[in-house]
Every structure is written in structure tokens, then in C-alpha cells.
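Only one structure is covered here, and it is reproduced in the block below.
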Amino acid sequence: MTDIHTIFSIAIRAIKANKMRSVLTSLGIIIGVAAVIIMLSIGNGTQISIQNEMKTMGSNLIIIRSGVATSSGARGGHGSQPTMKAADGDAIQAKISQIRLAAPVLEETAQIVYGNANWATGITGTDNRFFAIKEWDLSYGRQFNEADIKNASKTAILGQTVVSELFGDVDPIGRTIRIKGIPFKVIGVLSKRGQSSMGQDQDDVVYIPITTAQKKVMGTILPDQVRHIMLQAIDTDSTYTAQDDIRELLRQRHNLGANKEDDFVIMNLTQMMEMMKNSTQIMTILLGAIASISLLVGGIGIMNIMLVSVTERTREIGIRMAIGAKAWDIRWQFLMESMVLSLIGGLFGVIIGLAGSELVSIFTSLTAKTSIFYVLLPFSFAGLVGLFFGFYPAYKASLLNPINALRYE
């Protein structure tokens with residue numbers, strides 16, 4: 001049997017003999033491999049963005065919001081009925097074993113002022129459990145202490161964006177800002193978080209003690225009222241199993257009879273994020289499958305050209321058989337040409353795909369993240385396409401009768 005090196009040399013010479021035809025034949029493979037890499041990279045980048053979003057939100061999260069208020073037949077949105085209290089969160093943390101932490105949250109937007117600078121930002125009243133749930137550390141300064149919460153002290157912890165807009169390069173610790181005209185002492189600055197996957201600046205926020213928000217800044221209709229309660233379960237499974245216990249406890253605390261609807265809404269953010277992640281994975285597979293059609297089309301093109309090549313080189317095949325070449329020698333010759341065409345196209349497709357992924361990240365809002373797997377997969381598939389679609393022409397060539405092949409004009 002002819003050695004692989006000789007077969008490869010013959011294949012290269014045949015490809016070089018028809019350069020333009022070889023380029024056009026490989027074009028389908030080039031486009032297919034590039035398209036698969038770009039589509040898979042976009043899907044992978046989206047999944048990574050969702051995972052990063054989950055990390056910034058915190059792990060194993062459940063949010064409880066106030067219910068829906070109805071007035072004269074008109075129904076408000078979630079939270080329009082003020083029913084949740086900070087004490088509800090304390091009770092959930094104390095009585096439901098699947099819940100590790102419960103943080104009260106009261107929010108609104110307000111103008112804050114420092115000297116001649118001012119900035120409109122989100123004001124959030126909460127306590128230190130909020131930062132533990134979000135796994136958000138301070139860059140410098142301190143968190144709220146028990147006295148801050150108990151005495152409703154006028155202290156504030158700032159996000160990096162607020163520090164930049166109000167203070168520039170000045171150290172904000174110990175300085176006084178005004179929120180709705182009320183003076184607050186800055187005690188801490190949070191580490192930088194950046195934008196969420198929805199484009200929201202997570203560092204553009206000011207945190208104050210929950211009691212201060214309730215009594216001095218935002219005001220509440222009911223004592224101890226909060227907008228929502230953020231819960232952290234001990235693990236992912238507990239975010240599902242704890243929901244029934246939470247619902248039962250809150251219905252008891254809110255004195256809801258058997259025929260009354262819940263006056264609160266339980267949202268499992270872990271479930272929502274997992275659904276988004278699964279949907280993205282399915283979309284990635286679909287996009288990759290659609291892009292792979294180009295590879296199959298390229299394979300059909302290679303098969304057609306190889307059939308033409310068999311016809312053009314019938315006399316050459318007859319000569320090789322006449323001097324002792326076996327059927328498998330002829331098959332390997334044409335299979336090698338088909339695979340080399342595919343792999344050369346795959347190589348250029350990889351280069352274009354990697355460049356295209358970078359351009360997508362630079363010039364669009366999409367994030368494309370490549371990996372070695374997303375490069376090797378379409379490149380290997382390109383080789384298999386060449387082998388598969390090259391087999392029939394190679395087999396047809398090996399069946400030629402040497403005498404008839406020698407007589408072919």
C-alpha cells in the first residue's frame with residue numbers, strides 16, 4: 001500500500017493544479033466553520049454573562065415582595081399593597097431552617113449633594129445582611145453597626161460611581177453628604193461591581209440603615225414597612241423546598257384566612273436564572289446546528305468537485321492501477337484530497353471565526369467568548385465532512401476498470 005506521505009504529496013499537487021477551484025470548493029467549509037465558532041462563542045458569552053449576573057446578585061436567592069393593591073377595580077403592580085415588614089424577614093430567618101439570611105430592603109431615587117456637586121441615584125435602606133447575601137465587600141471604611149440600626153443613625157455607604165461623581169479623587173470617608181436635605185456621614189465605600197447583564201450600573205447606589213430609611217428619609221405607611229425582603233437559602237434545592245414554608249408562615253403572620261389570597265409575592269431568582277441559562281444553552285445548540293448546515297453544504301460541494309476530478313483523471317487512475325496500485329490506494333488518494341481541502345478550509349474558517357468573535361464583542365452589545373472546545377469541534381467536524389463526502393467519489397474511482405480507464409479520452 002502506498003505510504004501516507006506519498007498520498008498526501010499527490011493530494012497537494014492535485015489541489016495546487018486547480019487553485020481557484022480548490023478555493024471555491026473550500027469556501028463552504030470556511031464559512032461553515034467560521035459561522036459555528038461565532039455562534040457558539042456568542043452563546044457561550046451569554047451564558048457567562050448570566051453566571052456573572054447570578055454572582056453579583058448573590059447565590060440561592062428568594063425575593064418576597066408586597067402584594068397587589070386593588071382600588072375601584074384597578075389593580076396596581078407588585079408592591080403596591082404595603083404588607084411586608086422587616087420583622088417578617090427576621091421571623092423567616094429564625095423559624096425556617098432552609099433560610100440562612102433575610103435582609104429588609106426599602107428603595108427610592110433621590111438627589112444627593114456634596115458641596116457644589118450633586119447626583120441623582122438610588123437610595124437603599126437595608127442592613128449588613130444585604131451585603132452578605134450579595135457577597136459584596138467594602139473597598140474601605142466600615143459597615144453599619146448595631147447602634148446605626150438601633151438608633152436610625154444618619155450614616156451612608158456609597159457605591160464607586162457615586163464616589164466618583166461627588167468626590168472625584170477626594171477620600172469620602174467621614175465627609176457629609178445630603179440626601180433630601182438631610183446630612184449623612186459617609187462611613188464606607190463598596191468594591192466595584194460594574195454593569196449588570198441588563199446594563200444597570202450596580203455601583204450607582206447609596207446604602208443607609210433600614211431604620212433611617214423608614215423613619216427619616218422615605219417614610220412608610222405602616223411601621224417597619226419595607227418594599228421587599230431578600231432571602232438567601234442554604235443551597236439551591238432549598239430555594240424550592242422553602243417556598244411552601246415561607247408562604248405558610250407569612251399567611252399566619254398576616255392573619256390571612258383560608259379563602260384570602262396571598263398579600264405577598266414569592267420570587268425564586270435562582271429558578272429564574274437557571275431557566276435563562278437553560279434557554280441560552282438551547283439557543284446556543286440551535287445556533288450551532290443552523291451554522292453547521294453550511295458545513296454540510298460545503299461537504300456536498302467537495303463531493304461534486306471530487307466526482308468531477310475522478311472523471312478528469314480517469315486515465316491517470318488507469319495508469320496507476322496498471323502499474324500495481326490497489327483499490328484502496330486509489331480510495332486513499334481521493335479521500336486524502338477531500339480531507340485536505342476540508343481541513344484547509346477549516347483552518348481558514350477558524351481564523352475568520354476567531355476574528356469575527358472579537359469583532360462581535362467590540363462592535364455590538366453581544367459578548368462572544370471563545371474556547372478551545374468551540375474551535376476544535378467545528379474544525380474536527382470539517383475533517384469528518386471531508387472524509388464522509390469524499391468517500392463516494394473515492395469508492396467510485398477505485399471501481400474503475402483499468403483497461404477502460406486507460407482507453408478513456
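Here the structure is a predicted model, which is why all the values come from computation and not from measurement. Scope of the values below: all heavy atoms of this structure, side chains included, with no hydrogens, waters or symmetry mates.
- Between the Asp224 side chain and the Ala87 main chain, a donor and an acceptor come within less than 3.5 Å of each other.
- Heavy atoms of other residues, nucleotides or ligands lying less than 6.0 angstrom from NZ of Lys369 number 12 at most.
- Remark: the backbone N or O of Gln160 is not paired with any side-chain donor or acceptor of Ser164 at under 3.5 angstrom.
- Inter-residue side-chain proximity for Val217 and Phe184 is flagged as met; some heavy-atom pair is nearer than 4.5 Å.
- Between Ile42 and Val360 the shortest side-chain heavy-atom distance falls below 4.5 Å.
- Between the side chains of Asn118 and Gln111, at least one donor N or O sits under 3.5 Å from an acceptor N or O.
- No side-chain heavy atom of Asn128 sits less than 4.5 Å from a side-chain heavy atom of Ile149.
- In this model, no donor atom of one side chain and acceptor atom of the other lie less than 3.5 Å apart for Thr239 and Asn60.
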Self-check item: Full working for side chain to side chain contact (heavy atoms under 4.5 Å, CB included) between Leu347 and Ile30
Solution: CA-CA 8 Å; Leu347 181 60; Ile30 294 172; over 6 Å; no
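- Checking Asp88 against His254 by side-chain atom types alone, a donor-acceptor pair falls below 3.5 Å.
- Counting only distance, with no hydrogens or angles, the side chain of Gln225 and the backbone of Lys85 share no donor-acceptor pair below 3.5 Å.
- Ion pairing between a basic and an acidic side chain is recognised when a charged N comes within 4.0 Å of a carboxylate O; Lys154 and Asp148 show no such pairing.
- Side-chain atoms of Gln93 and Arg100 include no donor-acceptor pair closer than 3.5 Å.
- Under the 3.5 Å distance criterion, the side-chain polar atoms of Trp119 are left unmatched by any main-chain donor or acceptor of Val113.
- More than 12 non-hydrogen atoms from other residues, nucleotides or ligands lie less than 6.0 angstrom from NZ of Lys180.
- A salt bridge does not link Lys95 to Asp90: none of the charged nitrogens lies less than 4.0 Å from a carboxylate oxygen.
- Between Ser238 and Ile234 the shortest heavy-atom distance is OG-CG1, 3.3 Å.
- Under a 3.5 Å cut-off, the side chain of Thr126 and the backbone N or O of Ile210 do not form any donor-acceptor pair.
- The shortest distance between side-chain heavy atoms of Ile96 and Asp245 falls below 4.5 Å.
- Side-chain contact between Met39 and Ile37 is absent, with no heavy-atom pair separated by less than 4.5 Å.
- Checked by atom type, the side-chain pair Thr121/Asp204 shows a donor-acceptor distance below 3.5 Å.
- For the atom pair Leu106 CG and Ile229 CD1, the distance stands at 11.5 Å (nearest 0.5 Å).
- Counting heavy atoms from C-beta on, the side chains of Val206 and Ile208 come closer than 4.5 Å.
- A donor-acceptor pair under 3.5 Å links the side-chain atoms of Asp203 to the main chain of Arg193, judged by distance alone.
- Under the 6.0 Å cut-off for aromatic ring centres, Phe131 and Tyr207 qualify, their centroids lying closer than that.
- Taking both residues in full, the closest heavy atoms of Ala382 and Ile29 are given as CB-CG2, 3.9 Å, listed atom of the first, atom of the second, then distance.
- In this structure, Asn304 contributes its side chain and Gly301 its backbone to no donor-acceptor pair below 3.5 Å.
- In summary, the side chains of Ser153 and Thr155 do present a donor paired with an acceptor at a separation below 3.5 Å, with no hydrogens or angles considered.
- A distance-only check finds no donor-acceptor pair linking the side chain of Ser357 to the backbone of Thr370 [under 3.5 Å].
- Between the side chain of Ser342 and the backbone N or O of Ser338, at least one donor-acceptor pair lies under 3.5 Å.
- Residues Phe264 and Ser66 form no side-chain contact, since every pair of their non-hydrogen atoms from C-beta on lies 4.5 Å or further apart.
- At distances below 3.5 Å, at least one donor-acceptor pair connects side-chain atoms of Arg129 with backbone N or O atoms of Ala102.
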